[in-house]
Amino acid sequence: VENASGPGVVTLHPEDLTPKLEVLANGAVLADGAFFTTALVALEVHVRGATIPSTSVFRGGTLMLLSGNPDVAATVTEEGDYRVEVSALRGSVRQIVSREFTLDRTPPALAVTANGAPFAESDRYAPPVTVEFAASDAHPGPVIATLDGSPFVSGGVVSAAGSRALVVSAQDLAGNL
């Protein structure tokens, strides 16, 4: 055998023995901690150079899929937190990849109160009015509010009488508004 190492010598590097694992979601490499707002997530797992491949997909702590095939395809349509674990063995070299992702299409729910009671646009309030707001979501993100176009914080007090414009918005970590 002849190669760059010289006649009769073959040089193997540890990376040559390492199985190659690829985890895709909707056709792109799945980044750990990714969020999806799509109707579904099409998962693909490809294992190359392994004698014993194993793929597991979990939703929460529940096993949804277990496969020993080198190529696996699965479709996720239910909202939730998922984990994909891929393991492959070649000789004594084991390669393991674990990726978590979330499918979340639900926007945050907003709650606004005025003086401790649910806020209603049609109601009239006599100053001073304490305005509180919050968002609830499985993956909460920022809640932003303005009063008459200026930043306003939850628990703030409106002390001037008259018509006011309060705008409250929330976005979760998946980007849902």
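The model shown is predicted, which means the values in this text are computed figures rather than measured ones.
- When side chains are defined from C-beta on, Pro108 does not count as touching Gln171, because their heavy atoms never get closer than 4.5 Å.
- In the hydrophobic cluster analysis, where Ile, Leu, Val, Met, Phe, Trp and Tyr join through side-chain heavy atoms closer than 4.5 angstrom, Met64 is grouped together with Val97.
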Q: Determine, step by step, whether Leu21 and Ile96 satisfy the side-chain contact (heavy atoms from CB on, under 4.5 Å) criterion, reporting the C-alpha distance in whole Å, the side-chain angles of both residues, the deciding distance to 0.1 Å, and the verdict.
A: CA-CA 8 Å; Leu21 310 179; Ile96 299 171; 5.8 Å; no
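- In this structure, Leu24 and His46 have side chains that are in contact, with non-hydrogen atoms separated by less than 4.5 Å.
- With rounding to the nearest 0.5 Å, the separation of CG in Leu30 from CD in Glu22 is 11.0 Å.
- A single hydrophobic cluster is seen to contain both Val129 and Leu166, as judged by linkage of ILVMFWY side chains at heavy-atom distances under 4.5 Å, directly or through other members.
- The CG atom of Leu110 lies 10.0 Å from the CG atom of Leu177; values are rounded to the nearest 0.5 Å.
- Using a 4.5 Å heavy-atom cutoff, the side chains of Val47 and Val86 are in contact.
- When all heavy atoms of Pro53 and Gly68 are compared, the closest pair comes out as CG-O, 3.3 Å.
- Hydrophobic clustering (side-chain heavy atoms under 4.5 Å, transitive across Ile, Leu, Val, Met, Phe, Trp, Tyr) keeps Phe58 apart from Leu103.
- Put simply, the residue from Thr102, Thr106, Thr37 that forms a side-chain contact (heavy atoms from CB on, under 4.5 Å) with Glu79 is Thr106.
- What you find for Ser87 and Arg94 is that their closest heavy atoms are OG-NH1, 2.8 Å.
- Checking side-chain atoms of Arg105 against main-chain N and O of Thr38 turns up a donor-acceptor pair under 3.5 Å.
- At a threshold of 4.5 Å between non-hydrogen side-chain atoms, the residues Asn26 and Val41 count as touching.
- Residues Gly116 and Thr113 share a closest heavy-atom pair of C-CB, 4.0 Å.
- Residues Asp71 and Arg48 are paired through a salt bridge, judged by an N-O separation under 4.0 Å between the basic side chain and the carboxylate.
- Residues Asp172 and His139 share a closest heavy-atom pair of CB-O, 3.1 Å.
- To the nearest 0.5 angstrom, Thr18 atom OG1 is 6.0 Å from Gln95 atom CD.
- In terms of heavy atoms, Pro107 sits closest to Asn176 at CA-CB, 3.6 Å.
- Between Leu63 and Ser56, some side-chain heavy-atom pair lies under the 4.5 Å cut-off.
- Linking Ile, Leu, Val, Met, Phe, Trp and Tyr residues whenever their side-chain heavy atoms come within less than 4.5 Å places Leu65 and Val84 in a single cluster.
- Interatomic distance, Phe35 CZ to Asp81 CG, rounded to the nearest 0.5 Å: 7.0 Å.
- Once rounded to the nearest 0.5 Å, the distance linking CD of Glu44 with OG1 of Thr55 reads 12.0 Å.
- By the 30° and 60° cut-offs, the orientation of the rings of Phe101 relative to Phe36 is perpendicular.
- Counting heavy atoms from C-beta outward, Ser154 and Val131 have side chains that stay 4.5 Å or more apart.
- Hydrophobic clustering, with ILVMFWY side chains joined whenever heavy atoms are under 4.5 angstrom apart, groups Tyr125 together with Phe133.
- Closest non-hydrogen pair, Leu43 versus Ala25, comes out as CD2-CB, 4.2 Å.
- Using a cutoff of 4.0 Å between basic side-chain nitrogens and carboxylate oxygens, Asp148 and Arg164 are scored as salt-bridged.
- Checked by atom type, the side-chain pair Arg83/Ser98 shows no donor-acceptor distance below 3.5 Å.
- Here CG of Leu89 is found 11.0 Å from OG of Ser54. Values are rounded to the nearest 0.5 Å.
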Q: Under the side-chain contact (heavy atoms from CB on, under 4.5 Å) rule, what do Val23 and Val29 come out as? Steps first, then yes or no, please.
A: CA-CA 6 Å; Val23 181; Val29 173; over 6 Å; no
